[in-house]
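Nothing here was measured: the structure is a model prediction, and the numbers come from that model. All chains are named by letter (A, B, ...) in the order of the sequence lines, taking the proteins before the strands, and each is independently numbered beginning at 1.
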Amino acid sequence: MDLHLKSALNDKQYIGASTIEGPVLIIAGAGSGKTRMITYRIAHMLEQGIPQSHILALTFTNKAAAEMAERVRDLTRAKLPKLTTSTFHAFGVMVLRAEISHLGYDNNFTIYDQADIMALIKNVVRELKIPLEEVDLYELNNLFSSIKTKRSVWTAETSQYREIYDEYLLHLKAYNAVDFDDLIMLPLRLFEEHPAVLEKYRSRFNYIMVDEFQDTSHAQYKMVLLLASEHRNICVVGDDDQSIYSWRGADYENLVNFERDFPEVTEIKLEQNYRSTGNILHAANSLIANNTKRKKKNLWTGTEHGRTIVLHHPEDDEQEAQFICSKIKELSFSHGLTYVDFGVLVRTNSLLSTLEQAFLQEQIPYTVSGGQSFFSRKEIKDVIAYMRLLTNPDDNMNFLRIINTPRRGIGRVSIESLRSYAKSHHLSLFSAVSKLAYDMNAPIRDRLRDTCREFTELIELYKSRLFSKRDMAKTIRNLVGDIDYRDHLISEHPDNERIVQWKMKNIEIFINMFERWEKNPDNLDPNIYEYLNRISLTTKDDNDKETGKVNLMTIHASKGLEFNTVFLAGVEDHIIPHARSIEEDEMNIEEERRLFYVAITRAQQSLYMTSCSQRKVMRELIDTIPSRFIEEIPQELITHEEADAESTPEQAVDFFAKLKAKLAT
DNA sequence: CGCCAAATTATTTTT
DNA sequence: TAATTTGGCG
């Protein structure tokens, strides 16, 4: 390995990459080659003989973590199986898998996602006999999260929900389940209460790096602090202008905290932008200058002004999608771009569906990142629920999900009697069912007992198969066949053959994914617990290589990425800045602005923005007005492009002429 | 006691 | 629009 650090990096990046001992704080503006610097830094460490297993690099998204690892591997041409690059949450899972028994959980714990949590809270509310319409489950979820992570404390207003919260915690523990916040808070507790555990991870990870540091929460920062305070080899990289996760506890003040906790810090500012044209950067700088609470930065570029930013005003969201599709087709011919060069960004997931439909219709290949996860489709969740119950019999939530899916004739009343039986015997629901199946004195009907026996036998059979046989995927495939899941789907969708086909196909895709993972020779320990944990933290099939496709995503999901050409759709007031965000707190306007800033700075060469005059929201058409942020961009940088020229016959002819020419070469 | 069909309600961002 | 909940029927 021969890195040539000095010629590969600029002076500032060089300092960042080569200062591997002691604390380093890097303020890295958008597009300043931050990822490049981090990659070189890790490669450099390896070159200096630091073992890969001693390095810990933390980020916020799986995508960023995977990309970092890949780039280091490319640079070093080594496999690096022991290099830990992961998200905070995945790191938490790793710690918990090894140490959670210190806290009285079993290490086959289940991770509940937000949907699971909502369902659990709903159950608890019902159990406490509180009418459902008296509580807002979504708000309870938020409240509980901020209580757990110590972002807020009980107040006169919220303390009425304390009973629900306590009950919620008891349920989680009893089900041997953890929520996303636990993935940070429990490791933190382990580190604080079990010095031997802390020592173990401290001495293993001698070199720690945190990317997107402005998005760390206090708890996450505390975790890093505990790990690094002794060896002090800690490098954090961030940009306060790109802090877009304050709603889940991110606090860019951690940049200041870091300076306080590591006074001997080496500070570096990366201000040269290598990504965008002068115009795009100028627009971004002007916009973000409107924020009051920020570190002054002077982001500059040596490149040309480039094209102006195009602003288009379609009638409605369908025309907007149409405009984007035809622009993509047009540009891929006239500018020699391919589909991967395009990113289409939106503020909210709901804006994605109209776009998706248009892309399908226009036959433009695309992938959606973020948004509704593949794993949260109903049919997939059902299969996962079976897998979870097989691995963790205490998991009542997943038990409830599948006990009557497919229909086994266990309805509300039967479940109630199972519940009371379980409660009086201090058993989980599944254990209660297995006991009831053979308990002739239990006060239940014969039919219910028969069903219990059948269900117990089914689960026990597959449990033994799953843990004795090599081929876990095949076992799951057989299970899906055994329970006649297809018939279940048919009865759920009586006159919709297509949807049944589609859902069965999804299950097959899921099981194939599992199989590929299980049989991957690079996978050192293919065990089902790892797989289930893994998919709780990801939204996407990571085998799905996004080659040759247009990227559609939310602005949040786009952080850390870049595209030759960016389309920013729905640049309307109430969407960005989002109405609910402003409603919540006037001050949120600054975070919305940062979001807009992140979106703009994803673009390398061209930026298109669209702002509709009307938009379909749910059922009805709503009149909309352009985003106030457009006025914060110097108007000379913007060209207003009028109505859809691509649909004129002349243009069509021209388009096909170009297509022909292209095909001829 | 379970099941079906009509009624209802939900949409900010994510690990 | 689609999934989930509720009320009445078999």
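Atom C1' of nucleotide B/dT13 and atom CZ of A/Arg594 are separated by 13 Å, given to the nearest angstrom. Residue A/Met185 contributes atom CE, which lies 15 Å from atom C1' of B/dT15 at whole-angstrom precision. Straight-line distance from the CG atom of A/Leu137 to the P atom of B/dA10: 10 Å, rounded to whole Å. Note: CD1 (A/Ile589) to C1' (B/dT12) measures 14 Å, nearest angstrom. Taking atom CD of A/Glu572 as the reference point, atom P of B/dT12 lies 16 Å away to the nearest angstrom. The CD atom of A/Gln220 sits 12 Å away from the C1' atom of B/dT14 (whole-angstrom rounding). Rounded to an integer number of Å, the gap from A/Asn142 CG to B/dT14 P is 14 Å. In this structure, the CD1 atom of A/Ile244 is 9 Å from the P atom of B/dT14, given to the nearest Å.
Within the nucleic acid shown, A/Glu584 comes within 4.0 Å of at least one base atom, counting heavy atoms only. Backbone-only engagement by A/Thr87 is indicated by non-hydrogen atom pairs under 4.0 Å involving sugar-phosphate atoms exclusively. Within 4.0 Å (heavy atoms only), A/Glu591 reaches no atom of the nucleic acid at all. Within 4.0 Å of A/Tyr245, counting heavy atoms only, lie sugar-phosphate atoms of the nucleic acid but no base atom.
Taking side-chain N and O atoms only, A/Asn404 has a distance below 4.0 Å to OP1 or OP2 of B/dC3. Taking 4.0 angstrom as the limit, A/Arg347 places none of its side-chain polar atoms (N or O) nearer than this to OP1 or OP2 of B/dT12. In terms of phosphate contacts, A/Thr554 brings a side-chain nitrogen or oxygen within less than 4.0 Å of OP1 or OP2 of B/dT14. The side chain of A/Asn349 places an N or O atom within less than 4.0 Å of a non-bridging phosphate oxygen (OP1 or OP2) of B/dT14.
Taking a centre distance below 5.5 Å and an interplanar angle below 30 degrees as the stacking criterion, A/Trp247 stacks against the six-membered base ring of B/dT13.
Between A/Tyr201 and A/Phe91, the ring-plane angle classifies as perpendicular under the 30° and 60° cut-offs.
Checked for salt-bridge contact, A/Asp317 and A/Lys616 miss the test: no charged N lies under 4.0 Å from a carboxylate O. A salt bridge links A/Glu67 with A/Arg71: the closest approach of a Lys/Arg side-chain nitrogen to an acidic carboxylate oxygen falls below 4.0 angstrom. The pair A/Arg294-A/Asp239 does not meet the salt-bridge criterion, since no charged nitrogen lies less than 4.0 angstrom from a carboxylate oxygen. For A/Glu583 and A/Arg580, the salt-bridge test fails: no basic side-chain N is under 4.0 Å from an acidic carboxylate O. For A/Glu212 and A/Lys559, the salt-bridge test passes: some basic side-chain N is under 4.0 Å from an acidic carboxylate O.
Pairs engaging residues 407-423 of chain A under the salt bridge (charged side-chain N to carboxylate O under 4.0 Å, His left out) rule: A/Glu127-A/Arg419, A/Arg407-A/Glu492, A/Glu416-A/Arg419 [sequence neighbours left out].
Taking the C1' atom of each, B/dT13 and C/dA2 are spaced 22 Å apart, rounded to whole Å.
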Could you go through nucleotides 4-6 of chain B and list every protein N or O atom that sits under 3.5 Å from one of its N or O atoms, giving the distance for each pair?
unit_1: B/dC4; atom_1: OP2; unit_2: A/Arg407; atom_2: NH1; d: 3.3

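The backbone N or O of A/Thr216 lies less than 3.5 Å from a partner atom in the side chain of A/Asn254, making a donor-acceptor pair.
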Check: Please walk me through it: do A/Ser350 and A/Thr348 pass side chain to side chain donor-acceptor pair (under 3.5 Å)?
Finding: CA-CA 5 Å; A/Ser350 54; A/Thr348 68; 3.0 Å; yes
Margin query: Please evaluate residues A/Ser217 and A/Gln220 with respect to the criterion side chain to side chain donor-acceptor pair (under 3.5 Å), reporting the C-alpha separation (whole Å), side-chain torsions for both, the decisive distance (0.1 Å), and the verdict.
Written below: CA-CA 5 Å; A/Ser217 65; A/Gln220 286 164 330; 3.2 Å; yes
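With sequence neighbours excluded, the residues satisfying side-chain contact (heavy atoms from CB on, under 4.5 Å) with A/Thr61 are A/Lys63, A/Ala64. Among residues two or more places apart in sequence or in another chain, the salt bridge (charged side-chain N to carboxylate O under 4.0 Å, His left out) test is passed with A/Asp395 by none.
Which of B/dT14, B/dT15, B/dG2 sits closest to the side chain of A/Phe180 comes down to B/dT15. Checking B/dT14, B/dC1, B/dT15 against every side-chain atom of A/Leu537, the shortest atom distance belongs to B/dT15. Side-chain atoms of A/His89 lie closest to B/dT15 of the nucleotides B/dC1, B/dT15, B/dT11. Listed nucleotides B/dT13, B/dT12, B/dT11 differ in distance to A/Ser581; the shortest reach to its side chain belongs to B/dT12.
Nucleotides of DNA chain B nearest to A/Ile415 and A/Arg580 differ in position, and the one nearer the 5' end is that of A/Ile415. Mapping A/Gly409 and A/Arg248 onto DNA chain B by nearest heavy atom places A/Gly409 at the nucleotide closer to the 5' end.
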Checklist line | Footprint string (nucleotides 5-10 of chain C, 5' to 3'): B base within contact, S backbone only, - free, heavy atoms under 4.0 Å | finding: S-----
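A donor-acceptor pair shorter than 3.5 Å can be found between the side chains of A/Asp181 and A/Ser145.
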Checklist line | Bracket string, DNA chain B, 5' to 3' - pairs by Watson-Crick or G-U geometry under 3.5 Å, | interstrand | finding: ||||||||||.....
